[in-house]
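Source: prediction; values computed, not measured. Numbering of residues begins at 1 and proceeds along the displayed sequence.
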Amino acid sequence: MAECLLKASRQRRMKVMTAAAGLAVRAAEALLLCTLLAPGGAYVLDDSDGLGREFDGIGAVSGGGPYFGASLHILKVEIGGDGQTTDGTEPSHMHYALDENYFRGYEWWLMKEAKKRNPNITLIGLPWSFPGWLGKGFNWPYVNLQLTAYYVVTWIVGAKHYHDLDIDYIGVWNERSFDISYIKVLRKMLNYQGLQQVKIIASDNLWEPISASMLLDSELLEAIDVLGAHYPGTHTVRDAKLTGKKLWSSEDFSTLNSDVGAGCLGRILNQNYINGYMTSTIAWNLVASYYEQLPYGRCGLMTAQEPWSGHYVVESPIWVSAHTTQFTQPGWYYLKTVGHLEKGGSYVALTDGLGNLTIIIETMSHKHSTCIRPFLPYFNVSQQFATFVLKGSFSKIPELQVWYTKLGKSSERVLFKQLDSLWLLDSRGSFTLKLQEDELFTLTTLTTGLRGSHPPPPQSQSFPSSYKDDFNIDYPFFSEAPYFADQTGVFEYFTNIEDPGEHRFTLRQVLNQRPITWAADASSTISVIGDYNWTNLTIKCDVYIETPETGGVFIAGRVNKGGILIRSARGIFFWIFANGSYRVTGDLAGWFIYAVGRAKVTAKTWYTLTLTIKGRFTSGMLNDKSLWTNIPVNFPKNGWAAIGTHSFEFAQFDNFHVEATR
């Protein structure tokens with residue numbers, strides 16, 4: 001074999017590819033032309049017998065720019081429904097039945113920024129939760145099918161009217177029950193509104209029972225354009241294939257963005273098609289831009305979780321994505337000749353039908369490509385020589401560009417590096433690669449690939465230990481205050497038209513009923529802020545209860561949980577109530593009571609609360625007068641600061657101030 005490689009190399013005077021300084025020997029071995037068949041057999045890439053399925057793109061939940069970085073083809077966003085959806089709540093465009101506002105939250109901004117970078121990016125909307133008024137007292141969005149369909153269609157229409165955004169696909173209910181009649185009603189309403197071009201994805205859960213339901217119902221089959229499953233483990237089911245619909249992994253990945261996470265992504269981007277005929281894979285999530293101690297910290301393609309410093313990290317999953325996204329586009333087609341490598345790994349090939357060819361080869365090991373879900377049966381990957389033979393319309397391709405990634409040990413790590421081109425003029429369309437574990441190769445006729453560069457990000461910094469916000473913003477760009485992460489309820493900038501004084505501009509909790517939930521939202525609303533490692537801190541905030549008799553608000557410190565775990569959050573919570581009482585609890589639910597008492601508190605009046613936590617003791621003040629002192633607290637030892645309300649009720653907060661130490 002070595003003599004064959006050497007002879008072929010001499011005959012063609014081929015350039016030896018170099019991966020990086022210090023890797024010259026490895027790279028020279030990695031890729032050499034050989035016209036003879038290498039051990040292990042050859043893998044034929046041929047379009048003579050037609051093509052495989054149409055490629056629909058690679059994307060991320062909640063995006064892309066062509067030929068730079070991740071270059072995503074698809075951006076999938078949450079249709080905010082006021083409920084907790086993993087790491088926080090997203091506001092609805094209709095909090096109440098007669099309310100419409102298409103500027104809440106960040107998803108509108110995100111979609112417009114994505115379109116600036118890639119005007120052809122596909123946009124998908126999917127509800128996780130729904131505002132409570134749609135359920136009419138039930139935690140169920142299908143009580144009134146017409147009303148829920150109307151709610152979703154207004155979001156699509158609003159996206160176009162207010163932001164000039166064309167939504168391409170719409171989902172049903174993320175990872176929850178679908179309703180056959182609702183899907184039909186939604187399709188009819190979309191058509192009635194002139195939105196025939198908006199396609200429906202279902203059911204963003206498992207392959208079944210939606211696939212079987214479609215086979216038994218011709219109207220349902222016609223209404224749904226794409227079958228989308230979450231975390232399918234690269235496999236589909238018989239009924240899904242029998243529908244004849246496009247098959248997507250409409251949510252996948254959600255794995256720590258280390259090199260193991262990158263290996264997970266590299267493996268599934270190939271094998272979702274090879275094993276399961278899935279023509280699109282959408283990663284959750286786009287960017288890890290939430291406090292790291294919330295559930296699924298750093299499970300984005302990149303990390304940008306310090307808006308106060310501007311620090312970010314372009315993680316390895318970005319470059320793994322680029323191996324596919326920079327060298328393909330929706331509308332290309334997979335070849336039929338794709339599959340697994342003899343000694344582990346896989347290969348796919350795609351073409352635009354105009355002579356271009358892109359080949360992606362991965363050799364991700366089991367140890368370094370395990371996704372967070374589902375269970376991954378053991379497999380083995382070992383060093384191998386792999387010969388590829390180009391036939392059909394590809395047999396005359398003279399040159400392939402080569403891009404290379406090696407994951408694992410830092411001394412061997414290479415991320416999306418362009419190597420020397422591969423010349424095929426004298427090889428009769430054949431070439432051999434030496435493949436080792438945890439590698440990724442892209443070989444392509446396209447010359448537009450770009451590693452790119454960006455200025456160094458600002459240095460990482462902890463959240464400021466002294467932080468103030470008076471919320472005095474007349475026309476806020478976003479509806480939510482910076483750094484506050486709503487975990488139940490929605491807290492928005494608010495203007496008191498009738499109050500020309502100190503509290504004209506405030507932060508207001510705006511939900512007056514529990515949403516139709518996706519997760520286990522708490523019974524009390526809460527928004528967290530700060531550094532999870534804070535131990536000693538003083539929190540001061542002006543508060544305003546709007547609900548007489550039953551209303552209540554709190555400030556809190558050392559809050560230790562959020563996201564889908566928010567109901568069980570512990571901390572030190574200082575509550576006051578409109579009935580003239582106060583309470584100190586060790587948890588959000590109010591099960592652990594440290595103190596109760598009377599206080600001169602009523603609704604419709606501003607009060608200043610101060611909570612001090614130092615070591616094992618805590619004290620509280622109302623309007624700068626001591627209300628309780630030196631209550632012993634042993635748990636938790638650290639956590640975020642927070643504000644919130646007793647129930648889903650209107651209340652306002654102003655002049656928030658925290659002084660803290662770690």
Side-chain angles (χ1 to χ4, degrees), residues 80 82 89-106 131-133 467-515 524-529 539-556 574-580 582 599-611 621-625 641-658:
D82 294 335
T89 66
E90 290 201 31
S92 169
H93 63 289
M94 297 179 71
H95 292 318
Y96 330 110
L98 301 178
D99 165 59
E100 289 187 53
N101 184 320
Y102 298 92
F103 296 90
R104 294 179 181 132
Y106 62 87
W133 59 271
Y467 181 74
K468 297 179 180 180
D469 195 339
D470 59 13
F471 311 115
N472 287 352
I473 301 180
D474 200 349
Y475 299 101
F477 188 78
F478 290 106
S479 59
E480 299 159 300
Y483 317 143
F484 281 92
D486 301 351
Q487 301 302 308
T488 295
V490 175
F491 295 74
E492 295 179 350
Y493 284 116
F494 181 67
T495 301
N496 286 313
I497 299 175
E498 298 178 357
D499 186 347
E502 180 185 3
H503 301 294
R504 178 171 174 80
F505 300 107
T506 65
L507 191 68
R508 190 189 195 207
Q509 200 294 117
V510 296
L511 300 190
N512 61 357
Q513 61 180 314
R514 186 179 182 83
S524 300
T525 73
I526 179 173
S527 186
V528 302
I529 187 171
I539 306 159
K540 191 172 186 177
C541 187
D542 297 342
V543 298
Y544 184 85
I545 303 170
E546 296 190 37
T547 305
E549 301 300 329
T550 60
V553 298
F554 70 82
I555 61 174
F574 175 18
W575 311 73
I576 61 170
F577 299 92
N579 65 4
Y582 76 88
K600 294 182 179 179
V601 174
T602 186
K604 308 290 186 180
T605 301
W606 281 98
Y607 300 95
T608 300
L609 298 184
T610 305
L611 172 65
M621 292 193 293
L622 176 66
N623 291 341
D624 296 324
K625 294 182 179 180
I643 58 175
T645 65
H646 177 59
S647 63
F648 288 93
E649 60 185 278
F650 299 129
Q652 296 176 53
F653 303 84
D654 202 0
N655 298 318
F656 178 85
H657 180 196
V658 60

Checklist entry - Would a distance-only check, ignoring hydrogens and angles, find a side-chain to backbone donor-acceptor pair under 3.5 Å from N623 to T608? => result yes
Checklist entry - Quick one: does D624's side chain get under 4.5 Å of K540's, heavy atoms only? => result yes
Checklist entry - Where do G552 and F577 come nearest, in terms of heavy atoms and distance? => result CA-CD2, 3.8 Å
Next on the checklist: To the closest 0.5 Å, what do you measure between CD1 (I473) and CZ (F494)?
Outcome noted: 15.5 Å
Checklist entry - Just by distance, with hydrogens left out, do Q513 and Y96 show a side-chain donor and acceptor under 3.5 Å apart? => result no
Checklist entry - So, for T547 and A578, which heavy atoms are closest and what is the spacing to 0.1 Å? => result O-CB, 3.5 Å
Next on the checklist: Ignoring hydrogens, what is the shortest heavy-atom contact between S647 and T525? Give both atom names and the distance.
Outcome noted: O-CG2, 3.7 Å
Checklist outcome for this item: In this structure, CD of E502 is separated from CG of N472 (nearest 0.5 Å) by 8.5 Å
Checklist entry - Among all residues two or more places apart in sequence or in another chain, which pass the salt bridge (charged side-chain N to carboxylate O under 4.0 Å, His left out) test with R104? => result D99, E492
Next on the checklist: The criterion is salt bridge (charged side-chain N to carboxylate O under 4.0 Å, His left out); which residues satisfy it with D474, sequence neighbours excluded?
Outcome noted: none
Item to check | I529 CD1 to F656 CZ distance, which is reported to the nearest 0.5 Å | outcome: 5.0 Å
Item to check | For H646, all residues meeting side chain to side chain donor-acceptor pair (under 3.5 Å), sequence neighbours excluded | outcome: none
Item to check | CD1-CD1 distance between I555 and I576, expressed to the nearest 0.5 angstrom | outcome: 9.0 Å
Checklist entry - Quick one: does Q509's side chain have a donor or acceptor within less than 3.5 Å of a partner on E649's backbone? => result yes
Next on the checklist: Side chains of F554 and I526, heavy atoms from C-beta outward: is any pair under 4.5 Å?
Outcome noted: yes
Checklist entry - Which heavy-atom pair separates D469 from A481 by the least distance, and what is that distance? => result OD2-CB, 4.2 Å
Next on the checklist: Could you check whether any side-chain N or O of S527 sits under 3.5 Å from a backbone N or O of I643, counting only pairs where one atom can act as donor and the other as acceptor?
Outcome noted: no
Item to check | Donor-acceptor under 3.5 Å (D82 side chain, P131 main chain) | outcome: no
Item to check | S479 side chain vs G105 backbone, donor-acceptor pair below 3.5 Å | outcome: yes
Next on the checklist: With a 3.5 Å distance limit and no angle check, can you tell me whether D486 reaches the backbone of F491 through a side-chain donor-acceptor pair?
Outcome noted: yes
Checklist entry - Going from CZ on F477 to OH on Y106, what distance comes out if it is rounded to the nearest 0.5 angstrom? => result 14.5 Å
Item to check | Y607 side chain to T602 backbone, donor-acceptor under 3.5 Å | outcome: yes
Item to check | Side-chain heavy-atom pair F471, Y493 within 4.5 angstrom cut-off | outcome: yes
Next on the checklist: For a salt bridge (charged side-chain N to carboxylate O under 4.0 Å, His left out) check, start with the C-alpha distance between D654 and R504, then their side-chain angles and the critical distance, and finish with the verdict.
Outcome noted: CA-CA 9 Å; D654 202 0; R504 178 171 174 80; over 6 Å; no
Item to check | Exercise: identify the closest heavy-atom pair between W133 and M94 | outcome: NE1-O, 2.9 Å
Next on the checklist: Go through it in stages, so that I can follow the logic: the residues are Y102 and E100, the test is side-chain hydrogen bond (donor to acceptor under 3.5 Å, both in side chains), and I'd like the CA-CA distance, side-chain angles, deciding distance and then a yes or no.
Outcome noted: CA-CA 7 Å; Y102 298 92; E100 289 187 53; 2.5 Å; yes
Checklist entry - Do the non-hydrogen side-chain atoms of L622 and L609 ever get within less than 4.5 Å of each other? => result yes
Item to check | CG-OG1 distance between D470 and T506, expressed to the nearest 0.5 angstrom | outcome: 11.0 Å
Checklist entry - Can you tell if the side chain of R508 reaches within under 4.5 Å of the side chain of Y544, non-hydrogen atoms only? => result no
Checklist entry - For the residue pair F653 and C541, what are the closest heavy atoms and their distance? => result CB-SG, 4.0 Å
Next on the checklist: Evaluate W606 against D499 for side chain to side chain contact (heavy atoms under 4.5 Å, CB included), listing each step before the verdict.
Outcome noted: CA-CA 12 Å; W606 281 98; D499 186 347; 4.3 Å; yes
Checklist entry - Is there a donor-acceptor contact under 3.5 Å from the side chain of T495 to the main chain of I497? => result no
Checklist entry - Just checking, any donor-acceptor pair under 3.5 angstrom between side chains of N496 and H503? => result no
